[in-house]
Structure formats: C-alpha cells, structure tokens
There are 2 protein chains.
Amino acid sequence: MEALTRRQRKCLEAVLECLRRTGRAPTYRELGRMLKIASTQGVRRHLEALARKGYLVMKATARGIELSEEVRGAVGIPILGRIAAGRPIEALENFEGAVDVVSMYGSYPEVFAVRVVGDSMIDAGLQEGDLAVVRAAPRVENGAIAAVAIDGEATVKRFHAEVGAVTLAPANPRYAPRIVRDGEAEVRVLGRVIGIVRKLGSI
Amino acid sequence: MEALTRRQRKCLEAVLECLRRTGRAPTYRELGRMLKIASTQGVRRHLEALARKGYLVMKATARGIELSEEVRGAVGIPILGRIAAGRPIEALENFEGAVDVVSMYGSYPEVFAVRVVGDSMIDAGLQEGDLAVVRAAPRVENGAIAAVAIDGEATVKRFHAEVGAVTLAPANPRYAPRIVRDGEAEVRVLGRVIGIVRKLGSI
DNA sequence: CATGATAGTGAACGATCGTTCACTAGTCAA
DNA sequence: TTGACTAGTGAACGATCGTTCACTATCATG
C-alpha cells in the first residue's frame, strides 16, 4: 500500500486507537482533539489522503470513517516476514497478513471452539489445553480431525465412518482407536477441526 | 448475564452484524430498517433494555452505541464448554470465553507473529506453517521457547544463554542443538513465544 | 380485571457532525 | 521561482442523529 506521511500515520493510529478503545469511529472534532488540530478541515485533509491511498473509506454520515478492507483484515497481530519491519502502521505498508482467528475464520454461528483434553492427539500436534477451532457440520470426510460428541461428551479425534460403525482414532500410540458400533452409543459429529489456538503461559 | 427477549436478541444481533460489516455502530434509524421498526422510539426501547441488562452502553452522540466490556471480550469465536450451548447471543448468557488472538494477546506494538519453518520444534508441538505469536523482548529466561534472529534470519528454538555462548535447542531428536559462541554470528533475541495459531486446511 | 413489561407509531426539537468556502504558511522538486 | 503537496485556521450551512412527548396494542401474572 502507498506510503503515508508521518502526520497521516498519526491520524490513522488515532482512528485505530479510538476504534480499539470504544468500538466506534471518532468524529472529526474528536480526532482534532487527539491530534491537536483546531479545524475540522485540517483533520479532513488527512482523512482524504488516507482514503485516497486506500486506508480508509469515508461515508458522509456521523462517525462515518470506515477502515478499508485491506486495513480491516490487517488489524490483528501482524505477521512479520522480515524482521526489520516495524509496527503497527509501518507494517501495513509491506503487509504480510495478520493473526486474528476472528478474521481468519469469521465470527459466524457455524464456527466455535472446544478445549482439547488429554494428550491422545499429540502426534497430530494437538496438546492438552489447546483450543480447537471447529466448523460445525453434520458430517466430515473420512480421516479428518473432527470434534465428536459421544453420549453428549465432546472429544477431538480422527474420524472414520464405516458400515455399521464409526472409528475414533487417536494420534498417540499409547491409546487404542475406539470403534463405536451403531446403537452402542450416540455419536454426533460436531464438525471439522479447522484450526488450533494455543496459549503458552501468560503474556 | 441477564436473559434477553427474542426481540432484544435480534436487536443485539443487528448491532453486532453492523459492527462486523462496517466497523461502526448503526443509528437508530438504520437499526429500525434492519428490524422493521418504523419509529426511533421503538428501537430506543430495545437499546435501553440492552443497556440496562449490561450488553450495551449508550452514549448521547451520533452512532453512540458501544458494546459493554463483557460483550466486547466475547465477540470472538465462542468457546463452548457444554455442547448444548447455542450461538451467538445465547452463548453470551452462559459465557465461557472466546477465541480471538487479538483480545487474547492484545494488538500492541510489542506483540507480533512469525511463521514456523521446518519441523525442528515438533516435539514442542510446533508444526511447519504454524504462526508463533511472539511478545517482543530483548532477552528471555533460559529454557523458554523464543524467536531469535541469527544474522537477520528468524528462527524459533528453545533458548539457553551461557557464558560466552548461546544454545538454540530444537525439540526434535533428528536435529542437533546449535551452539553459537560470541562473535561467531549475530544472535538477537526477538522475544518469547506466547502462543500458537494453526490453520488446518480451508474453511 | 388491573397492572406492568414489552413492542410499536408519529412528530418535533436541539445538538452534533460532515461539508464547504476563503485564507495562510512551509517544503521540495522542476 | 513557480507550482504541487502537505498542514493548518476559522466560520458557516444543512443534514443527520439522539432525545423526548403523547398515544396505542399485546400479553402474561397475580
């Protein structure tokens, strides 16, 4: 994306900070107070430049500043390819993506998360305490890692459907696959695991 | 949190959808159009109820609807403890948390992410392609998993500082630890790995 | 049957906000 | 040195928006 002047960057940072703090866009006069600009026209010039360069979209309504799609997809935690890259707006100008499970997976009714219990899937890279992001679906393809409810209890396993039974295969040689024949227990596929989020210690 | 009526839930959903789509809160009249309510007073009643129950905060300015802190912390991907729990507002009423790396780690200059290359940390649960969330710090405690730049190239390893050298230890028996003596190469600690985000296939 | 909560209509008022006009000043490349 | 761009001030206009008032309807509860 096109480079910004120092003042324009400050202005974009102020907009982002306001959105982060309050969840809504600032008015021209609020921005003026944050940037120490007395005239709404002075603020407007910066916003027009930011809109022209593709960072913002201006709507002619109250608090009508919207982030452009590019910026909206990039306001998570920046993925730095080159270590030299700075933060946070500088990174936008040579932008490589952002970590944000919400923008990665959306925040839709069919996406949820379950916590991984035990180490039965350790060889598939799922550790105890990981959050498995699941896309809800009534069935999944054979061999996929799925979240499954057995008699109402949720578990994450590799799923295989066969004639008259389903196999829930762990990914750990210390555990045996569980074969559930029809009628033995109520097996309900919750969905496919499409992501993992792990938190290591505290910040 | 206090339960909502069906109409109030629809109203909160409309506010969230507007925020998700445009990044800014709706006006009373916009909400009225979404909910098929002709009078701003009809809309206002719902918003007052939502504010009274702690879901929203109303400011007397244009587009002055803000989410409460509780709701703002919960608008990611819901973590479902009990499978019975619904989505998305229902889950709020017996809320267990939300996955959202931004709200988990904040979106601050000192937090960024690097992509894991290779399988040298596989036994620590880091797979190729994972995003390692890093809290920037000039040094880390011995034994921590750290992002380190060796001669400008980033890598993720277990970090040990010794007298006159540092050891970068992989977590994979197929790789040997790398001992870098002072002056041999420029080793710069980027920070500690505080999280992992993995995307498995597409949605 | 009354009461309170929920749900809604329609109109009007005043404050806020985006927009626009006219004017000033510094910087930098052609 | 002349534009072009950036960065401001100050004032004013009209549209939008939150607020408020008066009034109606439905429905469950005691």
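The sequence lines fix the lettering, A, B, ..., with proteins before strands; numbering per chain opens at 1. These values consider heavy atoms only, across backbone and side chains, with no hydrogens, waters or symmetry-generated copies. Computed from a predicted structure; not experimentally measured.
The pair Arg63(A)-Glu30(A) meets the salt-bridge criterion, since a charged nitrogen lies less than 4.0 angstrom from a carboxylate oxygen. Ion pairing between a basic and an acidic side chain is recognised when a charged N comes within 4.0 Å of a carboxylate O; Arg181(A) and Glu184(A) show such pairing. Taking 4.0 Å as the cut-off between side-chain N and carboxylate O, Glu48(A) and Arg44(A) count as a salt-bridged pair.
Annotation: side-chain hydrogen bond (donor to acceptor under 3.5 Å, both in side chains) contacts of Arg24(A) (sequence neighbours excluded): Thr61(B), Glu66(B). In this structure, Gln41(B) has no side-chain hydrogen bond (donor to acceptor under 3.5 Å, both in side chains) partners at least two apart in sequence or on a different chain.
Of the residues in residues 42-50 of chain B, those lying under 4.0 Å from DNA chain C by heavy-atom distance are Gly42(B), Arg45(B), His46(B).
Within the 3.5 Å criterion, the main-chain N or O of Asp119(B) finds a donor-acceptor partner in the side chain of Asn172(B). Within the 3.5 Å criterion, the main-chain N or O of Gly125(A) finds a donor-acceptor partner in the side chain of Arg198(B).
For residues 156-169 of chain A, the side chain to side chain donor-acceptor pair (under 3.5 Å) pairs, not counting sequence neighbours, are Ser120(A)-Lys157(A), Thr155(A)-Lys157(A), Glu162(A)-Thr167(A). Sorted by first and then second residue, the side chain to side chain donor-acceptor pair (under 3.5 Å) pairs involving residues 138-148 of chain A (not counting sequence neighbours) form an empty list.
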Each nucleotide N or O in nucleotides 10-13 of chain C that has a protein N or O under 3.5 Å away: list the pair and distance.
unit_1  : atom_1 : unit_2   : atom_2 : d
dG10(C) : N7     : Ser39(B) : OG     : 3.0

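When rounded to the nearest whole Å, the span between CZ of Arg9(A) and C1' of dA7(D) equals 17 Å. Regarding Arg24(A), its CZ atom lies at a distance of 12 Å from the C1' atom of dC17(D), rounded to whole Å. If you take CG of Leu4(B) and C1' of dA7(C), they are 15 Å apart, rounded to a whole angstrom. Residue Leu31(B) contributes atom CG, which lies 15 Å from atom C1' of dG8(C) at whole-angstrom precision. The CD1 atom of Ile37(B) sits 11 Å away from the C1' atom of dT6(C) (whole-angstrom rounding). Atom NZ of Lys53(A) and atom P of dC5(D) are 11 Å apart (whole Å). Separating the CD1 atom of Ile65(B) from the P atom of dC17(D) is a distance of 11 Å, rounded to the nearest angstrom. If you take CE of Met58(A) and P of dG18(C), they are 9 Å apart, rounded to a whole angstrom.
Residue Arg52(A) has a polar side-chain atom (N or O) positioned under 4.0 Å from OP1 or OP2 of dT6(D). Residue Arg7(B) places no side-chain N or O under 4.0 Å from the OP1 or OP2 atom of dT6(C). A close approach under 4.0 Å does occur between a side-chain nitrogen or oxygen of Thr5(B) and OP1 or OP2 of dA7(C).
In this structure, the nucleotide among dC17(D), dT19(C), dA7(D) sitting nearest to the side chain of Ala60(A) is dT19(C). Closest to the side chain of Gln8(A), from the set dA7(D), dT19(D), dC17(D), is dA7(D).
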